[in-house]
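Please read the structure below before turning to the comments.
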Amino acid sequence: MFEEMFYVSPDLRPVGQDILLAKFLTPSGCEYIRACVEGASTWTTNTRDHDYFTQDLHLDLHVPEIYKMLEEQLNDVIFPASVEYWDCCSAVVKNLFAIKYSLDTQVGLKVHHDDSYITGSVKINNDYQGALLHFPDKKFTNEDIEIGDILIWPSQITHRHGCTDLESGTKYALTIWTDQCTEL
């Protein structure tokens, strides 16, 4: 299954101001992850900050086999390529979770900065309307990004982002937060 889930190399390319894109999950990989998270009864509302709550499913706790596969690809392939591109310190996954947008739960997300060194986002499905990841200061959205592609950006200072309101359907996405590694 592992070989069928991922693309071979992270051909990173800029698609916006300091926003990188790479082929990451194959369509069958997206379908597999969607099936795993879609039926989960363990979705929780992140109430850390009332203004920025999300419907989360933490993969390390609820689908650890998927977490391990994704973490390996992210730490060994995707993030090393991104830190090389930006010529910055290395990054490792600190939090990997699925987010769900639906009309009866969360429909959008206010513009904010993540608590992450480098953030990644992957669309798992596209059978919904609205719910665009958008970067108002960068004048960029994920509207034309294919499912399975990963967007990567430096998070804490320069890349405020949010999600427009969902209009119909249910959106599933993966969010990846990283820590900066100090190099010796």
Side-chain angles (χ1 to χ4, degrees), residues 6-7 9-25 27 30 33 46 48-56 70-71 73-75 77-102 105-181:
F6 299 100
Y7 286 101
S9 70
D11 183 23
L12 287 176
R13 62 182 174 90
V15 291
Q17 185 179 0
D18 275 330
I19 301 171
L20 304 177
L21 177 131
K23 291 289 185 194
F24 183 57
L25 293 171
C30 289
I33 291 173
N46 169 2
R48 243 188 340 238
D49 185 335
H50 184 68
D51 289 337
Y52 303 102
F53 80 91
T54 56
Q55 290 294 119
D56 295 348
L70 292 170
E71 180 187 42
Q73 287 294 302
L74 291 162
N75 285 340
V77 179
I78 297 294
F79 290 123
S82 68
V83 299
E84 182 178 318
Y85 179 87
W86 285 311
D87 192 24
C88 60
C89 295
S90 61
V92 293
V93 172
K94 79 170 179 181
N95 205 345
L96 175 52
F97 52 98
I99 293 182
K100 175 181 174 181
Y101 293 88
S102 65
T105 58
Q106 173 185 0
V107 295
L109 186 60
K110 292 181 183 182
V111 173
H112 64 283
H113 287 101
D114 289 335
D115 182 19
S116 175
Y117 178 54
I118 296 171
T119 295
S121 178
V122 182
K123 276 191 215 179
I124 298 301
N125 67 314
N126 59 6
D127 53 344
Y128 58 89
Q129 296 295 315
L132 294 175
L133 173 64
H134 69 103
F135 299 81
D137 302 334
K138 309 297 180 189
K139 299 186 180 9
F140 180 82
T141 73
N142 73 341
E143 183 173 21
D144 297 324
I145 304 303
E146 295 180 23
I147 66 167
D149 289 357
I150 186 168
L151 289 173
I152 306 164
W153 63 91
S155 304
Q156 294 176 336
I157 298 173
T158 60
H159 282 67
R160 294 176 338 116
H161 60 283
C163 186
T164 63
D165 284 352
L166 179 74
E167 298 166 13
S168 64
T170 300
K171 174 186 177 177
Y172 295 97
L174 294 177
T175 298
I176 304 102
W177 286 358
T178 66
D179 273 331
Q180 176 182 359
C181 291

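By convention here, the first residue in the shown sequence is residue 1.
The main-chain N or O of L151 is never found under 3.5 Å from a side-chain atom of S121 such that the two would form a donor-acceptor pair. H112 places a side-chain N or O within 3.5 Å of a backbone atom of H161 that can act as its donor or acceptor partner. A distance-only check finds a donor-acceptor pair linking the side chain of Y117 to the backbone of C89 [under 3.5 Å]. Distance alone, capped at 3.5 Å, places no donor-acceptor pair between the T119 side chain and the W153 backbone. A donor-acceptor contact shorter than 3.5 Å is absent between the side chain of Q55 and the backbone of Q106.
For K123, the salt bridge (charged side-chain N to carboxylate O under 4.0 Å, His left out) criterion is met by no residue, not counting sequence neighbours. Remark: K94 pairs with D115, D179 by the salt bridge (charged side-chain N to carboxylate O under 4.0 Å, His left out) rule, at least two apart or across chains. Applying the ring pair (Phe, Tyr, Trp, His ring centres under 6.0 Å) criterion to F79, with sequence neighbours excluded, gives no partner residue. Residues meeting the side-chain contact (heavy atoms from CB on, under 4.5 Å) test with Q129, sequence neighbours left out: E167, S168. Partners of D114 according to the salt bridge (charged side-chain N to carboxylate O under 4.0 Å, His left out) rule, which considers only residues two or more places apart in sequence or in another chain, do not exist here. D18 pairs by the salt bridge (charged side-chain N to carboxylate O under 4.0 Å, His left out) definition with nothing, not counting sequence neighbours. Under the side chain to side chain donor-acceptor pair (under 3.5 Å) criterion, N125 pairs with D127, sequence neighbours left out. For S102, the side-chain contact (heavy atoms from CB on, under 4.5 Å) criterion is met by K100, D104, T105, T170, not counting sequence neighbours.
Ring pair H159/F135 is perpendicular by interplanar angle, where above 60° counts as perpendicular and below 30° as parallel. Relative ring orientation between W177 and F97 is described as perpendicular, the plane-to-plane angle rising above 60° on a 0-90° scale split at 30° and 60°.
Looking at every heavy atom in both residues, S90 comes nearest to V83 through CA-CG1, 3.9 Å. Nearest heavy atoms, C88 versus I118: SG-CD1, 4.5 Å. Smallest separation of non-hydrogen atoms from F140 and G16: CD1-CA, 4.2 Å. Residues S155 and S116 come closest through the heavy atom pair CB-O, 2.9 Å.
Looking at heavy atoms from C-beta onward, H134 lies in side-chain contact with V111 at the 4.5 angstrom threshold. Using a 4.5 Å heavy-atom threshold, the side chains of T175 and D56 count as separate. In this structure, L20 and P14 have side chains that are in contact, with non-hydrogen atoms separated by less than 4.5 Å.
The CD1 atom of I152 lies 8.5 Å from the CZ atom of F24; values are rounded to the nearest 0.5 Å. One finds the CG atom of L74 at 7.5 Å from the CZ atom of F6 (value rounded to the nearest 0.5 Å). To the nearest 0.5 Å, the span separating CG on N126 from CD1 on I145 amounts to 12.5 Å. Here CD1 of I33 is found 5.0 Å from CD1 of I124. Values are rounded to the nearest 0.5 Å.
Residue pairs that meet the salt bridge (Lys or Arg N to Asp or Glu O under 4.0 Å) test with at least one member in residues 155-166, sequence neighbours left out, are D137-R160. Within the structure, salt bridge (Lys or Arg N to Asp or Glu O under 4.0 Å) pairs that include any residue of residues 142-151 comprise K23-E146, K23-D149 (at least two apart or interchain).
Checked options I99, I150, L70; the residue passing with L174 is L70 (criterion: side-chain contact (heavy atoms from CB on, under 4.5 Å)).
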